[in-house]
Amino acid sequence: MDINRYSPTYKINKTHMTKLAGYTSEEIFEILYAIKTMKAKFIAHEETNILNGTTIALLFADTSLRTRSALEIGTKQLGGECVLLPYSAEDMQAGDNVRDVLNVITRYGVGAIVTRGVNQESLDEFMQVSSIPIINSTNERYVPMQVLCDLYTIWEKKKKLEGLKMAYVGKGTNTAISGIMGAIKCGIDISVATPENYAIPQQYIDRAQQYGRISVTTNPIEAVKDADIVYTDGYHYHSVTSDEEKAALKLYKVTPALMSFAKKDALFMHPLPATRGLEVSAEVIDGPNSIVYDQAENRLHTVKAVLALLVK
């Protein structure tokens, strides 16, 4: 389906967003068009008080700079406000009932709960009992808002989505899992190159193959050949990269030599934070074909679009 021929209604029939697997191509397009609208309003300095008087609760189990900044600033620009709630898996296991917690928070007038670092099993439980949106910014399996941000950035730069080729190179992280699902639903062909011991679990590859074309290899050159976008992810955010990982992933570092096998106008993407010299060379991430700061900028507009569509 061609996004440029899609007519948005700026409505989606969804309550929660913890992953994109349950979202249709059309629903993803609705969000991408909403991101486009939010960015246009931001550039025009047009007020968008959609969340006037609404509080968004941030339930973060780990730290974040860019994600939390985008959420707090974006919510404020929509006329609402954010509050950071303390979260501990140990506390939840020590006697707190999820239904009780969510019912109480809802009665405080909270419009949505945005989580980070809360495992998917817990989020599935949250969604079963929550009457307000549960939105996952990042957890061990999925990063849906990052993927939406990335898809919008590709559309913005390439003026299309359908028919493009994206090569993902490196470790099979949660970004890779979410990225291939979101991209393939938008008509992007996917090629993945990962070491065998750090591959994307086969269940996610199988699921993505239901929607489009995806090839998997251990050869990064094969994956990157004629790609329109080359994407990689960090290896050690909130963790230490072992010597074993470094050795296995050495051949997957995105360098100018590897980029030379992609199309001449191929874009480089990375969700940040990045370690220059580990998963990507400085020449690539700081080079003219890198759009990592555009991705980071568009995270703000993505947050605003998701909140505007989901918070009723």
Under a 4.0 Å threshold between the charged nitrogen and the carboxylate oxygen, would [Y] count as salt-bridged to [X]?
X: Asp294; Y: Lys157; result: yes
X: Asp228; Y: Lys263; result: yes
X: Arg213; Y: Asp189; result: yes
X: Glu72; Y: Arg68; result: yes
X: Glu279; Y: Lys171; result: no
X: Glu47; Y: Lys41; result: no

Problem - Whether Tyr152 and Trp155 hold their rings parallel, tilted or perpendicular, with breakpoints at 30° and 60° - result: perpendicular
Problem - Stepwise side-chain contact (heavy atoms from CB on, under 4.5 Å) check, Met17 with Leu148 - result: CA-CA 11 Å; Met17 179 186 287; Leu148 292 167; 3.7 Å; yes
Residue [X] excluded, over 12 heavy atoms near [atom1] under 6.0 Å:
X: Lys312; atom1: NZ; result: yes
X: Tyr6; atom1: OH; result: yes
X: Glu121; atom1: CD; result: no
X: Asn13; atom1: CG; result: no
X: Gln202; atom1: CD; result: yes
X: Gln203; atom1: CD; result: yes

Between atom [atom1] of [X] and atom [atom2] of [Y], what is the distance when rounded to the nearest 0.5 Å?
X: Leu151; Y: Asn298; atom1: CG; atom2: CG; result: 11.5 Å
X: Met1; Y: Glu162; atom1: CE; atom2: CD; result: 9.0 Å
X: Ser191; Y: Met166; atom1: OG; atom2: CE; result: 9.5 Å
X: Leu258; Y: Leu251; atom1: CG; atom2: CG; result: 10.0 Å
X: Ile113; Y: Thr55; atom1: CD1; atom2: OG1; result: 12.0 Å

Exercise for the section: Could you tell me if the ring centre of Tyr231 sits under 6.0 Å from that of His270? Expected result: no
Exercise for the section: Heavy atoms only: give me the nearest Ile177-Ile200 pair and the separation to one decimal. Expected result: CG1-CG2, 3.9 Å
Handout entry: Donor-acceptor pair between Glu222 and Thr217 side chains, under 3.5 angstrom
Key = yes
Problem - Donor-acceptor side-chain pairing of Gln120 and Asn139 below 3.5 angstrom - result: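 Side-chain D/A pair, Gln120 to Asn139: present.
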Handout entry: Check: Gly277 main-chain N/O paired with Ser281 side-chain donor or acceptor under 3.5 Å
Key = no
Practice task
Tell me, please, whether Tyr23 has Lys14 positioned over its six-membered ring: NZ or CZ under 6.0 Å from the ring centre and within 45 degrees of its axis?
Solution key: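 Cation-pi check for Lys14 and Tyr23: passes.
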Practice task
Just do the side-chain contact (heavy atoms from CB on, under 4.5 Å) check on Ile291 and Phe268 with the steps written out, would you?
Solution key: CA-CA 6 Å; Ile291 56 171; Phe268 172 75; over 6 Å; no
Handout entry: Side-chain heavy atoms of Ile184 within contact of Ile214, under 4.5 Å
Key =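 A side-chain contact exists here, since the closest heavy-atom pair is under 4.5 Å.
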